[in-house]
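A short worksheet on the structure shown next.
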Amino acid sequence: MALLLSVLEQGLIYAIMGLGVYITYKILDFPDLTVDGSFPMGAAIACILISREVPSILTLPVCFLAGAFVGMLTGLIHVKLKVRDLLSGIIMMTALYTVNLRIAGKANLPIYNMQTLFDNEVVNSLLVWLPERFRTVLIILVITVLTKLLLDWYLSTKSGFLLRAVGDNDTIVTSLGVDKGLVKITGLSIANGLVTVSGGLFAQQQRFFDISVGTGTVVIGLASVIIGTSLFRRITVWKVTTSVVIGSLVYKGCVALAIRMGLSSSDLKLITAVLFLGILMLGMERKKKVRTDADISEHNKTL
C-alpha cells in the first residue's frame with residue numbers, strides 16, 4: 001500500500017510537469033530544457049515562502065507566475081534574439097541554477113517542521129477522518145485534475161487554437177495576422193508555469209528543497225508524454241492531457257517496480273535512461289507502423 005501511495009503522490013505531481021512538457025514538446029515542437037531549472041525553482045520558492053510562514057496555498061500562484069516569467073524569458077531569447085530553441089533552453093537552465101541558489105539561500109533547505117499544503121490546521125480539521133498519507137494523495141489528485149481541466153479549457157479558446165496552430169503550421173498563424181513569436185512566448189510561459197507549480201508541490205510533499213532535484217526533469221516529462229500519447233492515444237473517450245497524466249503514473253510505477261525488484265536507488269538515472277530509450281523505440285515503431293499502413297492504403301486506392 002505504501003508503494004502504491006508513493007507512486008500516486010509522485011506520479012500526480014510529475015503529471016502537472018508533464019502537462020507543461022506536453023505544451024512545449026508536442027504542441028510547440030520546442031525542445032525546452034528550461035524545465036530542468038524551472039522545476040527546482042518552484043521547489044525553492046515554495047520552501048523559502050513556507051520557511052517565512054507564508055500560507056502554503058499562496059505558494060502555488062507565486063510559483064506559476066515565476067515559472068511563467070522564466071518561460072517568457074526563454075521565448076524572448078529565442079524569438080527576439082534569434083537564438084535556436086535548444087540553446088535558448090540551455091541558457092535559461094544554466095542561469096536558473098544560480099537563481100535557485102539565490103532564492104533558497106543555500107543548496108538544501110528543509111521545511112520539516114513547517115505547515116505545508118498537505119499538513120496544516122485547515123486540512124487536518126477538514127480531513128480528520130482520513131489517514132495522513134491518503135490526505136496527501138487526495139489533495140494532489142484534486143490539484144492535478146483542476147490543472148488538467150484548466151489546460152483543456154485554455155486549449156479550447158482562440159489563444160489555445162493559435163498555440164496548436166503554431167506547432168502544426170506557423171505559416172497559417174502568420175497569414176491570420178497574428179505574431180507567431182508572441183504565441184510561442186505565451187506557450188512557453190504557460191508550460192514553465194505548470195512545471196514550477198509541480199516543483200512547488202514536490203518540495204512540500206518531500207518537505208525540502210535541494211538544488212539537484214531538477215536534474216533529469218525534462219526526461220521524466222518527455223517519458224510521461226510519450227508513454228501517454230503512444231499507449232493511450234487510441235482511447236478517444238478522454239483528452240490527450242488525460243493520457244499524459246496516466247503516462248506519468250505508469251512511468252513512476254515502472255521506476256518503483258524496478259527498485260522494488262532489487263535495483264538500488266542509486267541506479268535510478270540508469271533505469272530512467274533505459275526506460276526512456278525503450279519508450280522512444282516504442283513510439284518510433286508505432287509511427288513506422290502507421291506510416292506503413294497509410295502507404296498500403298494509398299497503394300490500394302491507386303489500384
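Note that these values count all heavy atoms, side chains included, but never hydrogens, waters or copies made by symmetry.
Note that the CG atom of Leu28 and the CG atom of Asp32 stand 9.0 Å from one another [nearest 0.5 Å]. Interatomic distance, CG of Leu201 versus CZ of Phe118, reported as 5.0 Å (0.5 Å rounding). Rounding to the nearest 0.5 angstrom, the gap separating the CD atom in Gln205 from the CD atom in Gln10 is 5.5 Å. Here the OG1-CD1 distance, from Thr59 to Ile45, works out to 9.5 Å after rounding to the nearest 0.5 Å. How far CG of Leu86 is from NE2 of His78: 11.0 Å, rounded to the nearest 0.5 Å. Put simply, CD1 on Ile111 and SG on Cys47 are 4.0 Å apart, with the number rounded to the nearest 0.5 Å.
Side-chain contact check for Leu149 versus Val145: some heavy-atom pair is nearer than 4.5 Å. Within the 4.5 Å cutoff, no side-chain heavy atoms of Gln115 are placed close to those of Ile50. Within the 4.5 Å cutoff, side-chain heavy atoms of Ile23 are placed close to those of Leu163. The shortest side-chain heavy-atom distance between Gln204 and Ser56 falls under the 4.5 Å cut-off. With contacts defined as side-chain heavy-atom distances shorter than 4.5 Å, the pair Ile139/Val123 qualifies. Within the 4.5 Å cutoff, side-chain heavy atoms of Val218 are placed close to those of Leu222. Considering only heavy atoms from C-beta on, Leu188 stays 4.5 Å or farther from Met72 through its side chain. The shortest side-chain heavy-atom distance between Met93 and Thr34 does not fall under the 4.5 Å cut-off.
Residues Ile27 and Arg164 approach most closely at CG2-CA, 3.7 Å, considering heavy atoms. Residue Gly200 comes nearest to Cys63 through the heavy atom pair CA-SG, 4.2 Å, listed as atom of the first residue, atom of the second, then distance. Across all non-hydrogen atoms, the minimal contact from Ser224 to Tyr251 is OG-CB, 4.5 Å. Ser125 approaches Val122 most closely through the heavy-atom pair OG-O, 2.8 Å. Of all the heavy atoms in Ala191 and Gly20, the pair that sits closest is CB-O, 3.2 Å. Closest heavy-atom contact between Ser156 and Phe161: O-CE1, 3.2 Å.
Between the side chain of Asn100 and the backbone N or O of Gly37 there is at least one donor-acceptor pair closer than 3.5 Å. Using modelled atom types, no side-chain atom of Thr217 and backbone atom of Val35 make a donor-acceptor pair closer than 3.5 Å. With hydrogens and angles disregarded, no donor-acceptor distance shorter than 3.5 Å links the side chain of Ser198 to the backbone of Leu194. Under the 3.5 Å distance criterion, the side-chain polar atoms of Asp36 are left unmatched by any main-chain donor or acceptor of Thr215. At least one donor-acceptor pair closer than 3.5 Å links the side chain of Thr144 to the backbone N or O of Leu12. Between the side chain of Ser248 and the backbone N or O of Val245 there is no donor-acceptor pair closer than 3.5 Å.
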If you apply the rule side chain to side chain contact (heavy atoms under 4.5 Å, CB included), what do you find for Phe209 with Asn108, and how did you get there? CA-CA 5 Å; Phe209 157 77; Asn108 188 286; over 6 Å; no
Could you walk me through whether Ser159 and Tyr154 satisfy the side chain to side chain contact (heavy atoms under 4.5 Å, CB included) test, starting with their C-alpha distance in whole Å, then the side-chain angles of each, then the deciding distance to 0.1 Å, before giving a yes or no? CA-CA 7 Å; Ser159 178; Tyr154 171 74; 2.6 Å; yes
Worked check of side chain to side chain contact (heavy atoms under 4.5 Å, CB included) between Tyr25 and Phe30: CA-CA 5 Å; Tyr25 175 69; Phe30 191 107; over 6 Å; no
List the steps and the verdict of side chain to side chain contact (heavy atoms under 4.5 Å, CB included) for Tyr22 and Val240. CA-CA 9 Å; Tyr22 167 72; Val240 179; 3.5 Å; yes
Derivation and outcome, salt bridge (charged side-chain N to carboxylate O under 4.0 Å, His left out), residues Asp119 and Arg207: CA-CA 10 Å; Asp119 182 19; Arg207 289 185 174 272; 2.8 Å; yes
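Both Leu138 and Phe134 are assigned to one and the same hydrophobic cluster, defined by single-linkage of ILVMFWY side chains at heavy-atom distances under 4.5 Å. Residues Val79 and Leu73 fall within the same hydrophobic cluster, defined by Ile, Leu, Val, Met, Phe, Trp and Tyr side chains chained together at heavy-atom separations under 4.5 Å. Clustering ILVMFWY residues whenever any of their side-chain heavy atoms sit less than 4.5 angstrom apart, transitively, puts Met17 in a cluster other than the one holding Leu150. Put simply, Leu155 and Val178 are part of the same group of oily side chains (I, L, V, M, F, W, Y) that touch within less than 4.5 Å, one to the next. Criterion: ILVMFWY side-chain heavy atoms under 4.5 Å apart, direct or through other members. Under it, Ile48 and Val213 are part of a common hydrophobic cluster.
With sequence neighbours excluded, no residue satisfies side chain to side chain donor-acceptor pair (under 3.5 Å) with Thr196. Here Lys148 pairs with Asp152, Thr241, Thr242 under the side chain to side chain donor-acceptor pair (under 3.5 Å) rule; sequence neighbours left out.
Between Phe202 and Phe39, the ring planes are tilted. Angles from 30° to 60° get that label.
Residue Phe69 places its CZ atom among 12 or fewer non-hydrogen atoms of other residues, nucleotides or ligands, all under 6.0 Å distant.
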